[in-house]
Novice: 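Structure provided below as structure tokens; questions to follow.
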Amino acid sequence: MQTLEALVKAQFEQALRVVVGKEGADPMVRLAGDERFGDFQSNAAMGLAKQLQKNPREIAQQIMDNLPDTSLFEKTEIAGPGFINITLKNSVLAKRLEQMAKSSSLAIDPDPKPRHTVIDFSSPNLAKEMHVGHLRTTLTGEVIARVLEFRGHSVDRMNHVGDWGTQFGMLLQYIYEHQPEVLQNPESFAVENLEGFYKKAKARFDEDEDFKNAAREKVVLLQSGDAVATKVWQAFLKESLKHCHLIYDELGVRLEDKGESFYNPFLADVVKTFKDKALAKEDDGAVCVYLEGFQNRDGEPLPLIIQKKDGGYNYATTDLAAIRYRVNEQNAKRIIYVTDNRQEQHFKMVFAAARAIGWVPDDVELQHIGYGMVLGSDRKPFKTRDGGTVRLKDLLGEAVARAQEVIVRNKEERGQDLSDDQVNDIAKKVGFAAIKYSDLSHNLSSDYQFSWDKMLAMDGNTGPYMLYAYARVKSIGRKGQVDFDQILKTAAINLDHPTERQLAKVLNRFGDVCETVGQELRPILITEYLYQLSKAFSGFYDKKAGVSVLEAPDQDTKNSRLALCALTAAVLKTGLGLLSIEVLEEM
RNA sequence: GCCCUCGUAGCUCAGUAGGAUAGAGCAGCGGCUUCCUAAGCCGAAGGUCACAAGUUCGAAUCUUGUCGGGGGCGCCA
């Protein structure tokens with residue numbers, strides 16, 4: 001089904017075609033800035049007035065006179081300098097909701113131009129344990145993947161893990177030294193505390209010159225393909241990835257692991273190709289690619305180094321190899337990187353280099369999505385009390401523990417009948433929802449201040465509130481012993497009360513939101529929408545301001561209101577699902 | 001020094017394809033409950049949109065400059 005905004009827009013586009021006399025004039029249809037003005041507004045007349053040398057209100061009148069199907073509108077009127085305020089008929093809103101209700105996909109059409117998309121996100125360094133710094137990329141990447149899939153795109157979720165580099169020499173040497181049995185039997189390698197393991201190895205590396213030298217030798221050994229070193233290295237990677245996937249599974253994140261080392265065989269050719277095409281040259285022993293528009297601090301051209309003077313490769317080389325692989329082997333038409341925004345310049349340069357050498361056809365889009373830092377209450381990067389890195393595992397554990405306190409307290413205060421299992425399940429979902437929602441409800445590009453109290457608050461724009469809103473809707477179904485699925489199939493909706501209409505209007509916008517998010521890849525648009533939806537529902541359902549559902553005056557009205565409930569539940573569940581937040585039937 | 005980014009209510013944040021009286025939550029204030037989950041709803045209050053100039057019928061939004069925060073700037077990722 002065409003989205004609501006598209007429906008209105010199409011009307012005004014046609015009218016403009018007549019008024020302006022040619023195609024393509026932007027009708028500037030927006031949601032009404034103020035509810036009192038109606039549902040939508042068109043701001044086109046003022047701009048055109050100048051162009052056509054006419055009075056803007058006159059043009060607005062002409063536009064209105066040429067609307068092809070006025071039966072859609074309750075009223076359209078000119079206001080102020082030449083705004084056209086648009087109010088849709090209740091029946092239009094109602095009919096569309098009925099269509100949504102009867103559709104398995106909420107009548108949301110897939111993107112007419114599906115593109116195979118590679119999303120590179122999460123991608124931790126396997127030498128260490130995942131920490132709070134991986135939160136945003138992991139959550140955001142997953143949401144983007146879900147939204148694009150929902151819009152009908154196929155998606156490869158790539159975990160471009162750091163599984164190569166000098167720190168692995170250190171870790172290998174530590175295993176050689178302290179767990180020699182692993183050399184015989186790599187399968188036996190297991191480590192409970194990965195972070196502790198890294199720290200111990202690092203301590204040895206820093207304190208002991210012999211260890212340091214031995215670690216460097218292990219790097220060389222590994223690079224030369226030594227069988228034992230390779231086995232031990234692989235055993236370590238496997239163990240580290242196991243730790244990651246425990247977290248991914250808990251978060252509901254799916255990822256395909258393909259580490260940096262996967263691209264090792266291609267790196268020499270990357271450098272050779274750049275040299276052959278004269279796009280790279282040696283400078284101070286390093287192989288550099290110079291790209292237009294990049295300068296260093298002295299105003300000189302800034303190179304993208306693809307081979308170090310010691311002959312080694314760096315992440316630029318790997319990223320270039322990965323782009324080529326993703327385009328050629330994975331057939332990506334769009335490649336999205338979700339990393340913190342400090343890497344913006346790096347990706348700009350890598351993208352420019354990949355384009356320059358012709359590895360990325362014009363119809364393939366490269367996109368870096370940067371995000372800001374997670375800050376503590378002191379506005380400095382979020383750390384533990386003693387200044388250490390916050391492990392992701394601990395962060396999630398704390399979220400659940402804190403949620404549990406709240407749930408138990410509420411249970412006691414309200415005398416709720418919840419089993420221990422239910423309390424545990426609720427605490428887990430509420431805790432995760434709190435973390436995810438607070439992250440996703442902030443603008444990606446800016447830093448955001450992490451606050452347990454705010455994210456776990458049951459009121460306001462929070463994850464727990466959203467879960468509560470859903471549970472409250474579902475409870476109506478239980479109370480009235482009605483099957484929402486059944487209600488949806490036979491929905492006949494009437495919108496008489498203002499709160500019904502308001503709810504209907506917000507429900508109608510879901511398609512627009514999905515479309516916009518599919519283009520702009522901004523999870524915050526979903527959270528803002530869902531919050532508006534739950535507010536609209538609260539108003540609809542409120543004892544004083546809203547309507548009674550189960551005690552509606554007649555059966556038709558009751559069914560109509562139940563359908564609004566069922567649809568609200570469906571949209572909330574779908575929307576939260578896009579955010580990778582699992583709903584609770586009861587809380 | 002150059003580049004990027006941010007500066008909106010006491011606090012946390014929305015709002016940048018230019019649009020009407022700049023929004024929400026929290027905190028604080030005033031109401032609402034014979035309980036369809038009040039974890040809610042309604043209302044009032046709260047702003048020189050960092051500052052200055054410019055473009056425009058119209059600027060939080062675009063341009064320029066200034067101030068302030070954060071980040072980046074040749075072999076880490």
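So you know, we letter chains A, B, ... as the sequences are listed, proteins then strands, and number each from 1.
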Novice: I'd like the C1' distance from A22(B) over to U8(B), given in whole Å.
Specialist: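 Here U8(B) and A22(B) have their C1' atoms 8 Å from each other.
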Novice: Identify whether any heavy atom of Glu260(A) sits under 4.0 Å from a base atom; if not, whether one sits that close to sugar-phosphate; answer base, sugar-phosphate or nothing.
Specialist: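 Sugar-phosphate: the residue Glu260(A), judged by heavy atoms under 4.0 Å, touches backbone atoms but no base.
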Novice: Would you mind telling me which of C76(B), U37(B), G70(B) lies closest to the side-chain atoms of Lys308(A)?
Specialist: C76(B)
Novice: Quick check on RNA chain B: between Ile305(A) and Phe37(A), whose nearest nucleotide comes earlier from the 5' end?
Specialist: Phe37(A)
Novice: Give me the one residue out of Phe351(A), Tyr315(A), Phe121(A) that meets ring pair (Phe, Tyr, Trp, His ring centres under 6.0 Å) with Tyr337(A).
Specialist: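 When ring pair (Phe, Tyr, Trp, His ring centres under 6.0 Å) is applied between Tyr337(A) and each of Phe351(A), Tyr315(A), Phe121(A), only Phe351(A) qualifies.
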Novice: Measure the distance from CG on Asp378(A) to P on G70(B) and round it to the nearest whole Å.
Specialist: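 Going from CG in Asp378(A) over to P in G70(B) covers 13 Å.
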Novice: Round to the nearest Å and state the distance from Glu528(A) atom CD to U12(B) atom C1'.
Specialist: 13 Å
Novice: Taking the minimum atom-to-atom distance to the side chain of Gln343(A), which one of A20(B), A14(B), A77(B) wins?
Specialist: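 So the nucleotide nearest the side chain must be A77(B).
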Novice: Figure out the CG/C1' separation between Leu456(A) and U12(B), and round it to whole Å.
Specialist: 15 Å
Novice: Indicate whether OP1 or OP2 belonging to G40(B) is found under 4.0 Å from a side-chain N or O atom of Ser534(A).
Specialist: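 Checking G40(B) against Ser534(A), no side-chain N or O comes under 4.0 Å of OP1 or OP2.
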Novice: How close or far is atom P of U33(B) from atom CG of Asp542(A), stated in whole angstroms?
Specialist: 11 Å
Novice: Between U12(B), G72(B), G18(B), which nucleotide has the shortest distance from any of its atoms to the side chain of His442(A)?
Specialist: U12(B)
Novice: Check the phosphate of C26(B) against Asn461(A), side-chain N and O only, distance under 4.0 Å to OP1 or OP2. Yes or no?
Specialist: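 Result: no.
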Novice: How long is the line joining NE2 of His497(A) and P of C41(B), in whole Å?
Specialist: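 Checked: the NE2 to P distance equals 15 Å.
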Novice: Both distances under 3.5 Å, Watson-Crick or G-U wobble: on that basis, could you give the dot-bracket string for RNA chain B, with [ ] for crossing pairs and | for other-strand partners?
Specialist: (((((((..((((.....[...))))..((((.......))))......(((((..]....))))))))))))....
Novice: Can you figure out which of A17(B), G25(B), G15(B) approaches the side chain of Arg30(A) most closely?
Specialist: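 So the nucleotide nearest the side chain must be A17(B).
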Novice: Can you list, in residue-number order, the parts of residues 469-477 of chain A that come under 4.0 Å of RNA chain B, counting heavy atoms only?
Specialist: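 Only Ala471(A), Arg472(A), Ser475(A) qualify.
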Novice: Would you mind telling me which of A77(B), U56(B), U21(B) lies closest to the side-chain atoms of Lys50(A)?
Specialist: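 The listed nucleotide nearest to Lys50(A)'s side chain is U56(B).
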Novice: At under 4.0 Å between heavy atoms, what does Tyr468(A) touch on the DNA or RNA strands: base, sugar-phosphate, or nothing?
Specialist: base
Novice: Measure NZ/Lys544(A) against C1'/A38(B) and give the value in whole Å, please.
Specialist: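 Those two atoms, NZ and C1', are 13 Å apart.
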Novice: Remember a base hit wins even if backbone is also touched, and classify Val547(A) as base, sugar-phosphate or nothing at under 4.0 Å, heavy atoms.
Specialist: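 Touches a base.
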Novice: Would you classify Ala49(A) as touching base, sugar-phosphate or nothing, given that sugar-phosphate means primed atoms plus P, OP1 and OP2, and contacts are heavy atoms under 4.0 Å?
Specialist: nothing
Novice: Using a 4.0 Å heavy-atom cut-off across all strands, classify Ala286(A) as base, sugar-phosphate, or nothing.
Specialist: base
Novice: When you check the phosphate oxygens OP1 and OP2 of C4(B), does a side-chain N or O of Gln345(A) lie under 4.0 Å from one of them?
Specialist: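 No.
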Novice: From CG of Asp120(A) over to P of A77(B), roughly how many Å is that when rounded to an integer?
Specialist: 15 Å
Novice: Have a look at Gly47(A) and say if it touches a base, only the backbone sugar-phosphate, or nothing, with a 4.0 Å heavy-atom cut-off.
Specialist: base
Novice: Take the protein atom CG of Asp459(A) and the nucleotide atom P of C41(B), then report the distance between them rounded to whole Å.
Specialist: 9 Å
Novice: Closer than 4.0 angstrom, basic N to acidic O: yes or no for Asp340(A) and Arg342(A)?
Specialist: yes
Novice: Determine the contact category for Asp284(A): base if any of its heavy atoms lies under 4.0 Å from a base atom, sugar-phosphate if only primed atoms, P, OP1 or OP2 are that close, otherwise nothing.
Specialist: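 Asp284(A): base contact, heavy atoms under 4.0 Å.
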Novice: Go through G25(B), A20(B), G74(B) for me and flag the one nearest to the Glu300(A) side chain.
Specialist: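 The listed nucleotide nearest to Glu300(A)'s side chain is G74(B).
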Novice: Roughly how far apart, to the nearest Å, are U66(B) and G28(B) at atom C1'?
Specialist: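 Rounded to whole Å, the distance is 37 Å.
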Novice: Taking the side chain of Leu550(A) as heavy atoms from C-beta outward, which of C36(B), A14(B), C57(B) is closest to it?
Specialist: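 So the side chain of Leu550(A) is nearest to C36(B).
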Novice: Is the phosphate of G15(B) approached by Arg522(A) (side-chain N or O, under 4.0 Å from OP1 or OP2)?
Specialist: yes
Novice: Describe the nucleic acid contact of Glu551(A) in one word from base, sugar-phosphate, nothing, applying a heavy-atom distance below 4.0 Å.
Specialist: nothing
Novice: Just checking Asn85(A): base, sugar-phosphate only, or nothing, at a heavy-atom cut-off of under 4.0 Å?
Specialist: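 Base, at least one base heavy atom under 4.0 Å.
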Novice: Using a 4.0 Å heavy-atom cut-off, does Asp340(A) contact any base of the nucleic acid, only the sugar-phosphate backbone, or nothing at all?
Specialist: nothing
Novice: Compare the minimum distances between each of C41(B), U12(B), A77(B) and the side chain of Lys454(A), then state the nucleotide with the smallest one.
Specialist: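 Of all the options, the side chain of Lys454(A) is nearest to U12(B).
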Novice: Are any of Tyr541(A)'s side-chain N or O atoms less than 4.0 Å away from OP1 or OP2 of U37(B)?
Specialist: yes
Novice: Taking only Lys NZ, Arg NE, NH1 and NH2, and the carboxylate oxygens of Asp or Glu, determine whether Lys474(A) and Glu586(A) approach each other closer than 4.0 Å.
Specialist: no
Novice: Where the side chain of Ile524(A) is defined as all heavy atoms beyond and including C-beta, which of A20(B), C36(B), A14(B) is the nearest nucleotide?
Specialist: A14(B)
Novice: Can a salt bridge be assigned to the pair Glu5(A) and Arg509(A) using a cut-off of 4.0 Å between side-chain N and carboxylate O?
Specialist: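 No salt bridge links Glu5(A) with Arg509(A).
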Novice: Could you pick out which residue, Glu585(A) or Asp26(A), lies toward the 5' side of RNA chain B when each is mapped onto its nearest nucleotide?
Specialist: Asp26(A)
Novice: Report the C-alpha distance between His442(A) and Arg136(A) in whole Å, list the side-chain angles of each, state the deciding distance to 0.1 Å, and finish with yes or no for side-chain contact (heavy atoms from CB on, under 4.5 Å).
Specialist: CA-CA 10 Å; His442(A) 285 83; Arg136(A) 299 197 85 178; 4.2 Å; yes
Novice: Does C41(B) have OP1 or OP2 sitting under 4.0 Å from an N or O in the side chain of Lys543(A)?
Specialist: no
Novice: It should be established whether Asn443(A) places a side-chain nitrogen or oxygen under 4.0 Å from OP1 or OP2 of nucleotide G15(B).
Specialist: yes
